[in-house]
Undergrad: 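Take a look at this one; I'll ask things after.
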Amino acid sequence: MSRWRALPKSFYRRPAEEVAPELLGRYLVRDVGGERLVARLVEVEAYLGAPDRASHAWGGRRTARNEALYLSGGHAYVYFIYGMHFCLNAVTGAAGEGGAVLLRAAEAVEGEAAIARRRGVELPARPGLLLSGPGRLCQGLAVDRRLDRVALQRGELRLVEGEPLGEAEIVRGARVGVGYAGAAASWPLRFAVRGSREVSRPWPWRRG
DNA sequence: CGGAAGATCCACT
DNA sequence: GTGGATCTTCCGA
């Protein structure tokens with residue numbers, strides 16, 4: 001059973017655009033308060049670093065907040081947004097590059113009751129309500145700034161092999177909420193599991 | 001030092 | 001579909 005083996009650092013030491021689709025179907029494992037919470041990733045976005053105006057590392061910007069982006073691939077970058085929400089990224093590439101993959105949506109695999117409790121949602125949850133959206137994902141899995149900069153191979157937050165998908169099962173589109181980013185706003189760096197009901201927003205080109 | 005905007009979510013209409 | 005909550009960060013003056 002390799003399903004629960006952590007993804008090695010070498011997995012992340014590639015361009016974010018290449019890592020992102022391969023993160024779909026993987027499991028995010030969170031050990032907190034004596035509980036194990038596991039979620040299967042169904043939607044991610046790649047952020048390319050310096051050349052990407054939508055990235056926090058655009059133009060090589062480096063501040064106290066985004067410092068984790070410049071760690072080597074395989075670390076977590078967690079930031080606070082809109083005064084209320086956290087977002088979780090997996091850093092990609094070599095140290096100093098600034099690439100990352102934003103984890104946008106997942107479905108509960110284990111510990112669903114505990115996840116729902118942290119989300120303030122009653123079970124059974126309506127599809128698309130539990131972990132659909134980067135802020136919801138962090139709330140449900142108890143991810144906050146304390147996990148900024150941690151390595152994702154061991155410890156209380158890990159990414160493991162899970163169930164990798166083939167290309168035919170993956171859809172691709174423009175990223176969400178980056179309209180300010182000029183040409184980069186339309187780069188097709190958003191990836192999701194085809195047909196998943198837990199994707200954070202509908203795909204413009206798909207009806208229903 | 002002030003202001004604006006943000007990789008969002010939720011309630012309400 | 002719209003707007004409010006809420007606060008950190010960044011940039012310009």
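So that the names make sense, note that chain A is the first sequence line, chain B the second, and so on, each numbered from 1.
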Undergrad: Provide, to the nearest angstrom, the distance between the CE atom belonging to M84(A) and the P atom belonging to dA11(B).
TA: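 Rounded to whole Å, this separation is 11 Å.
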
Undergrad: Return whichever of Q139(A) or V178(A) has its heavy-atom-nearest nucleotide of DNA chain B closer to the 5' end.
TA: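 Looking at the nearest nucleotide for each, V178(A) comes out on the 5' side.
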
Undergrad: Checking contacts here: which listed nucleotide (dA7(B), dT8(C), dC9(B)) is nearest the side-chain heavy atoms of F80(A)?
TA: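 Closest of the options to the side chain of F80(A): dT8(C).
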
Undergrad: List the atom of L23(A), the atom of A90(A), and the distance in Å for their closest heavy-atom pair.
TA: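 Taking L23(A) first and A90(A) second, the nearest heavy atoms are CD1-CB, 4.5 Å.
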
Undergrad: Angle between ring planes, F86(A) versus F80(A), binned at 30° and 60°: parallel, tilted or perpendicular?
TA: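 Judged by the thresholds at 30° and 60°, the geometry between F86(A) and F80(A) is tilted.
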
Undergrad: Select base, sugar-phosphate, or nothing to describe what R136(A) touches, counting heavy atoms under 4.0 Å on all strands.
TA: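 Touches sugar-phosphate only.
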
Undergrad: Could you check which of dC9(B), dA7(B), dT8(C) has an atom nearest any side-chain atom of R145(A)?
TA: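 The closest nucleotide is dT8(C).
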
Undergrad: Grab the CZ-C1' distance between R62(A) and dC10(C) for me, whole Å please.
TA: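 Computing the R62(A):CZ to dC10(C):C1' distance gives 17 Å.
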
Undergrad: Test Y77(A) against E67(A) for side chain to side chain donor-acceptor pair (under 3.5 Å), laying out the working first.
TA: CA-CA 8 Å; Y77(A) 167 46; E67(A) 193 60 29; over 6 Å; no

Undergrad: For nucleotides dA7(B) and dG1(C), find the distance between their P atoms and express it as a whole number of Å.
TA: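 That atom pair is separated by 22 Å.
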
Undergrad: Indicate, with a heavy-atom threshold strictly under 4.0 Å, whether N89(A) touches base, sugar-phosphate, or nothing.
TA: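 Base contact.
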
Undergrad: Round to a whole Å and report the spacing from CD of E67(A) to P of dT8(C).
TA: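 My rounded result for the distance is 19 Å.
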
Undergrad: Given atom CD1 of I81(A) and atom P of dC7(C), what is their separation to the nearest angstrom?
TA: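 Going from CD1 in I81(A) over to P in dC7(C) covers 14 Å.
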
Undergrad: Would you mind pulling out the nucleotide paired to dT8(B), Watson-Crick or G-U wobble, both distances under 3.5 Å?
TA: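 dT8(B) is paired, partner dA5(C).
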
Undergrad: Considering only atom P, compute the distance from dG2(B) to dT6(C) and round it to an integer number of Å.
TA: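 After rounding to an integer number of Å, I get 22 Å for this pair.
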
Undergrad: Atom CG of L48(A) and atom C1' of dA7(B): how far apart are they, to the nearest Å?
TA: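 Value for this atom pair: 13 Å.
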
Undergrad: Can you check the R126(A) CZ to dC9(B) P distance for me, whole Å?
TA: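 Atom-to-atom, R126(A) to dC9(B), this comes out as 13 Å.
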
Undergrad: Please classify the nucleic acid contact of Y82(A) as base, sugar-phosphate, or nothing, using heavy-atom distances under 4.0 Å.
TA: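 The answer is base, as Y82(A) lies within the cut-off (heavy atoms under 4.0 Å) of a base atom.
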
Undergrad: Let me know the distance between CZ of F86(A) and P of dA7(B), rounded to the nearest Å.
TA: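 Atom-to-atom, F86(A) to dA7(B), this comes out as 15 Å.
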
Undergrad: Looking at dA7(B), I'd like to know if its phosphate oxygens (OP1 or OP2) sit under 4.0 Å from a side-chain N or O belonging to S55(A).
TA: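 The answer is no; no side-chain N or O of S55(A) sits under 4.0 Å from OP1 or OP2.
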
Undergrad: So what does R119(A) touch, heavy atoms closer than 4.0 Å: a base, only the sugar-phosphate, or nothing?
TA: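 Sugar-phosphate: the residue R119(A), judged by heavy atoms under 4.0 Å, touches backbone atoms but no base.
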
Undergrad: Calculate the interatomic distance between Y180(A) atom OH and dA4(B) atom C1'; express it in whole Å.
TA: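 It is 14 Å, rounded to the nearest whole Å.
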
Undergrad: With the side chain counted from C-beta on, respond yes when Y27(A) and E163(A) share a heavy-atom pair under 4.5 Å apart, and no when they do not.
TA: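 In short, these two side chains touch, coming nearer than 4.5 Å.
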
Undergrad: Taking the six-membered ring of F11(A) as reference, does the cationic atom of R13(A) (NZ for Lys, CZ for Arg) lie under 6.0 Å from its centre and within 45° of its axis?
TA: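 Judged by the rule, R13(A) and F11(A) form no cation-pi pair.
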
